[in-house]
Amino acid sequence: MSFLKFQADNIFTGTEMLDSSKVLITSHHGIIEDIVDEKDAGENVQKFKGIISPGFINCHCHLELSHLKGVIPEQTGMVDFILNIMQNRASTEELILDAIEKAEEEMIANGIVAVGDICNTTNTINQKMKAKLYYHNFIEISGFVPQAAQQRFDAGLEVYNQFVNFFPNNTTLVPHAPYSVSKNLFKLIGDISENKISSMHNQESEEENLFFEQGCGDFERLYKTLGIDISFFKSKNNSSLASVLEHLNKAQNTILVHNTFTSQSDIELLNSFSKKTKTQFYFCLCVLANRYITNSFPSKVLFNKNLSNIVLGTDSLASNHTLNLLSEIGVMKNAFPFLSQIELLQFATFNGALALGIEDKYGSFKRGKQPGIILIEDLFNSKKSKVLFQNKII
Ligand SMILES: [Zn+2]
């Protein structure tokens with residue numbers, strides 16, 4: 001059996017940065033065999049400039065919204081962004097499917113091998129059947145009016161069942177966000193997601209917390225515009241996350257997405273809740289989408305003790321100009337200069353694989369895994385990367 005051998009300025013293993021004296025050895029299918037000293041590597045070693053890394057894990061995307069690239073105005077704030085999405089998301093099937101295919105090609109070219117993808121429709125099933133990337137399909141349900149819970153759940157279940165036909169092991173039902181899911185609906189979703197991988201948009205805007213803490217602000221305008229009677233809602237002086245946390249007690253992992261206005265006390269609450277339940281929480285950061293929608297970044301308190309819980313996402317092309325984790329890493333480095341190369345790369349690889357429950361195959365260069373192999377020529381220049389070896393998924 002012959003092997004492929006890769007050497008570069010550095011090999012990033014998923015958790016460690018090795019120097020140029022090491023050689024990565026894989027099978028012809030990209031299955032990791034070993035990392036050895038140069039002197040033991042033998043012949044036919046391919047040499048590169050830059051960092052060789054496991055393929056990237058994009059923990060948050062909405063592939064089905066790819067046709068909205070460049071459509072939604074920037075920095076309008078959360079409520080107008082939501083309203084704009086609702087008004088603009090309809091399109092022809094041809095345009096939607098074409099945009100999905102192109103967006104996937106973009107992710108592949110940018111070294112992404114696995115995606116946590118939010119689905120409200122079945123539009124992405126055909127593309128995903130081609131198995132060019134690994135997807136975890138988060139079938140998202142929303143419905144803030146308690147009386148509508150069963151009806152909204154049943155509608156989500158229909159989409160879910162269609163995905164489960166093709167992707168039984170990597171499809172779960174998930175809540176949209178604290179402000180769009182009623183207690184009754186949280187319960188229905190929680191029951192079916194027991195011990196699975198879950199996700200929820202969390203504290204993406206200041207207004208979200210304001211609504212839960214004081215019952216006022218721009219979210220009142222959202223419900224009014226949508227014709228939703230929220231007279232049942234009572235604010236309790238708690239953040240949005242604190243208000244719904246009790247409903248997030250059943251999943252194995254829950255990926256909280258954005259966390260732009262998550263505070264130190266939210267994190268402490270989450271840590272103690274996590275110890276009481278079996279749920280492991282991950283913070284997925286999507287800084288380019290934050291800049292696009294609210295022009296604000298998460299607080300640096302997120303990085304205090306949580307470095308093993310941070311993962312990255314691109315969000316969709318409705319709120320981002322590109323689906324590229326290197327672009328996210330570049331902006332992260334500017335916003336949070338104290339983060340090291342190793343930490344940033346671990347967010348994009350090893351941590352992401354853990355969050356999606358796919359660490360047995362992805363996210364690191366451990367023997368037997370098949371994580372995809374990418375070359376990053378310049379970590380803080382997103383145009384300088386290429387895929388050396390893309391996974392054959394099946
Ligand atoms: Zn999103």
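In this chain, residues are counted from 1 in sequence order. As the structure lists them, so they are numbered: ligands from 1, and atoms in each ligand from 1.
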Quiz prompt | the Zn ion (ligand 1) to nearest N/O/S of His258 below 2.8 Å | solution = no

Self-check item: Atom of His60 closest to the Zn ion (ligand 1), considering N, O or S atoms
Solution: NE2

Exercise. Please note down the angle at the Zn ion (ligand 1) between OD1 of Asp315 and NE2 of His201, to the nearest 10°.
Key: 170°

Quiz item: So, Glu204 and Thr294: side-chain donor and acceptor under 3.5 Å apart, yes or no?
Solution: no

Quiz item: For the Zn ion (ligand 1), does an N/O/S atom of His62 lie at less than 2.8 Å?
Solution: yes

Quiz item: Does the cation-pi check pass for Lys128 over Tyr135, that is, NZ or CZ under 6.0 Å from the six-membered ring centre and within 45° of its axis?
Solution: yes

Exercise. Ignoring hydrogens and angles, state whether a donor on the side chain of Thr172 or His136 is under 3.5 Å from an acceptor on the partner side chain.
Key: yes

Self-check item: Test applied, side-chain contact (heavy atoms from CB on, under 4.5 Å); reference residue, Leu248; option that passes from Asn202, Thr279, Leu256
Solution: Leu256

